[in-house]
Amino acid sequence: MSESGRPKILVIEDDPSILLGLRMNLEGEGYEVHTAEDGEAGLERAREADWDLILLDVMLPKRNGYEVVVLLRAEQNRTPVLMVSARTAEDDKVMGLDIGADDYITKPFSVGELLARVRVALRRRREPTVPRRGWRFGDVAADPDTREVRKADRLVELTATEFDVLASLARVNGRILSRRQIMDAVWGPGHHGTERTVDNFIAQLRAKLEDDPSSPTHLVTVRGVGYRLVA
């Protein structure tokens, strides 16, 4: 948050016309907007301040958007990242989410959709995603206030989206959620991602939190329906 109290957004985009349009529309919504025009400069700017959101193009000079996300997450930078790309293949979207981006929107996009995605990302950053009390399953414990997750008392690093997927299951007290319900809870209603995205995040959580990810006992699949968290 900026000194003025406005959400502070970093836009990393190399197309001058798109960059100008993003800046004008975001500033029109009251956000404080800063920019960078290549991946190297964007990475340095991302490191030098506490941003509320980063809007990141994929195809950038010097460093592409995927590289920027990987490096930020490796440095434990948890700023929400919304990737923007002309690459519409499902594998590109899945890769962006898998490496730690919080959302992925494809060009061309409507201004209304982009601003809605920005609002969802900022709301998720401001608000706790689970009730203000800890919860546990097996030897895993989570603190919703700090968003820390520990397994056998050892800190487990989760991305912001991984935590939100886990929290969506934790807060329904063992009930089954469909993939669409998880998507609505984490990315917001109307998100155009695929159900495979949820499957990928569940697989990542199992790899980090289950004793045997190939035979999970807590993050279980309910065939033909969805997932549930068994405490």
Side-chain angles (χ1 to χ4, degrees), residues 1-2 6-37 39 42 45-46 51-60 64-66 68-69 72-73 78-127 129 159-165 167-168 177-201:
M1 194 75 69
S2 67
R6 295 183 295 159
K8 189 164 63 172
I9 298 175
L10 173 63
V11 181
I12 308 173
E13 168 64 62
D14 66 317
D15 185 310
S17 61
I18 294 177
L19 184 61
L20 177 62
L22 289 171
R23 181 167 200 156
M24 290 178 61
N25 281 286
L26 291 168
E27 288 180 339
E29 292 294 304
Y31 303 125
E32 180 179 318
V33 181
H34 300 254
T35 63
E37 297 183 16
R45 297 225 64 186
W51 305 98
D52 292 289
L53 178 67
I54 297 173
L55 281 183
L56 175 64
D57 189 24
V58 171
M59 302 307 294
L60 292 166
N64 66 47
Y66 295 128
V68 173
V69 173
L72 288 176
R73 295 311 187 224
R78 300 303 175 200
T79 303
V81 174
L82 196 169
M83 299 194 85
V84 181
S85 177
R87 302 176 66 161
T88 60
E90 182 179 337
D91 287 346
D92 291 315
K93 298 178 184 179
V94 170
M95 183 168 73
L97 296 170
D98 280 351
I99 63 175
D102 297 271
D103 202 353
Y104 189 111
I105 185 170
T106 56
K107 301 174 184 176
F109 49 80
S110 71
V111 172
E113 180 184 6
L114 175 73
L115 294 176
R117 300 280 191 94
V118 168
R119 288 192 295 270
V120 168
L122 292 173
R123 185 167 64 246
R124 285 167 53 197
R125 181 171 173 82
R126 289 194 302 266
E127 298 177 355
T129 56
T159 69
T161 305
E162 286 171 348
F163 185 92
D164 289 343
V165 170
S168 71
L177 291 183
S178 69
R179 291 170 177 82
R180 175 50 58 183
Q181 286 174 312
I182 294 172
M183 292 185 72
D184 287 349
V186 175
W187 288 277
H191 179 70
H192 297 301
T194 67
E195 293 184 353
R196 182 181 167 191
T197 298
V198 175
D199 295 337
N200 275 277
F201 275 104

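When a residue number appears, it is its place in the shown sequence, counting from 1. Below, all heavy atoms of this structure are taken into account, side chains as well, without hydrogens, waters or symmetry copies.
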- Item | For Val120, all residues meeting side chain to side chain contact (heavy atoms under 4.5 Å, CB included), sequence neighbours excluded | Arg123, Arg124
- Item | Set of residues satisfying side chain to side chain contact (heavy atoms under 4.5 Å, CB included) with respect to Glu37, sequence neighbours excluded | Leu19
- Straight-line distance of Asn200 CG to Glu162 CD, nearest 0.5 Å: 11.0 Å
- Listed by chain and number, what are the side-chain hydrogen bond (donor to acceptor under 3.5 Å, both in side chains) partners of Glu195, not counting sequence neighbours? none
- Task: Only one of Thr106, Val58, Ile105 passes side-chain contact (heavy atoms from CB on, under 4.5 Å) with Ser85; say which it is.
- Result: Val58
- Message: Going by side-chain hydrogen bond (donor to acceptor under 3.5 Å, both in side chains), name the residues that satisfy it together with Asp102, two or more places apart in sequence or in a different chain.
- Response: Arg73, Thr161
- Value for CZ (Arg119) from CG (Leu114), rounded to nearest 0.5 Å, stands at 9.5 Å
- Item | Tyr31 to Arg6 - nearest heavy-atom pair and separation | O-NH1, 3.6 Å
- Item | All ring pair (Phe, Tyr, Trp, His ring centres under 6.0 Å) counterparts of Phe201, not counting sequence neighbours | Trp187
- Do you know which two heavy atoms are closest between Met83 and Gly96, and how far apart they sit? SD-CA, 3.8 Å
- Which distance, rounded to the nearest 0.5 Å, do you find between the CG of Asn25 and the CZ of Arg23? 13.0 Å
- Message: Could you check whether any side-chain heavy atom of Leu72 comes within less than 4.5 Å of a side-chain heavy atom of Thr79, counting everything from C-beta outward?
- Response: no
- Minimum heavy-atom separation for Ala121 to Leu53, with atom names? CB-CD1, 3.8 Å
- Message: Testing the basics here: between Asp164 and Val186, what is the closest heavy-atom pair and its distance to 0.1 Å?
- Response: O-CG2, 3.6 Å
- For Arg78, side-chain hydrogen bond (donor to acceptor under 3.5 Å, both in side chains) partners two or more places apart: Gln76, Glu157
- Query: Among all residues two or more places apart in sequence or in another chain, which pass the side chain to side chain contact (heavy atoms under 4.5 Å, CB included) test with Leu60?
  - Reply: Ile12, Asp14, Leu56, Asp57
- Item | For Leu115 against Leu26, the heavy-atom pair lying closest together | CD2-CD2, 3.9 Å
- Message: If the condition is salt bridge (Lys or Arg N to Asp or Glu O under 4.0 Å), which residues does Asp199 pass it with, not counting sequence neighbours?
- Response: Arg179
- Could you tell me the separation between the CG atom of Asn64 and the CE atom of Met59, rounded to the nearest 0.5 Å? 6.5 Å
- Is the closest side-chain heavy-atom distance between Thr197 and Thr194 below 4.5 Å? yes
- Message: Under a 3.5 Å distance rule, please check whether Trp51 uses its side chain to pair with a backbone N or O of Arg45 as donor and acceptor.
- Response: yes
- With Thr35, which residues qualify under side-chain hydrogen bond (donor to acceptor under 3.5 Å, both in side chains), at least two apart? none
- Message: According to side chain to side chain contact (heavy atoms under 4.5 Å, CB included), who are the partners of Ile18, at least two apart in sequence or on a separate chain?
- Response: Glu13, Asp15, Leu22, Lys107
- Non-hydrogen atoms of Tyr104 and Arg117 that approach each other most closely: O-NH1, 3.2 Å
- Item | Nearest-0.5 Å distance, CG of residue Leu10 to CD1 of residue Ile54 | 5.5 Å
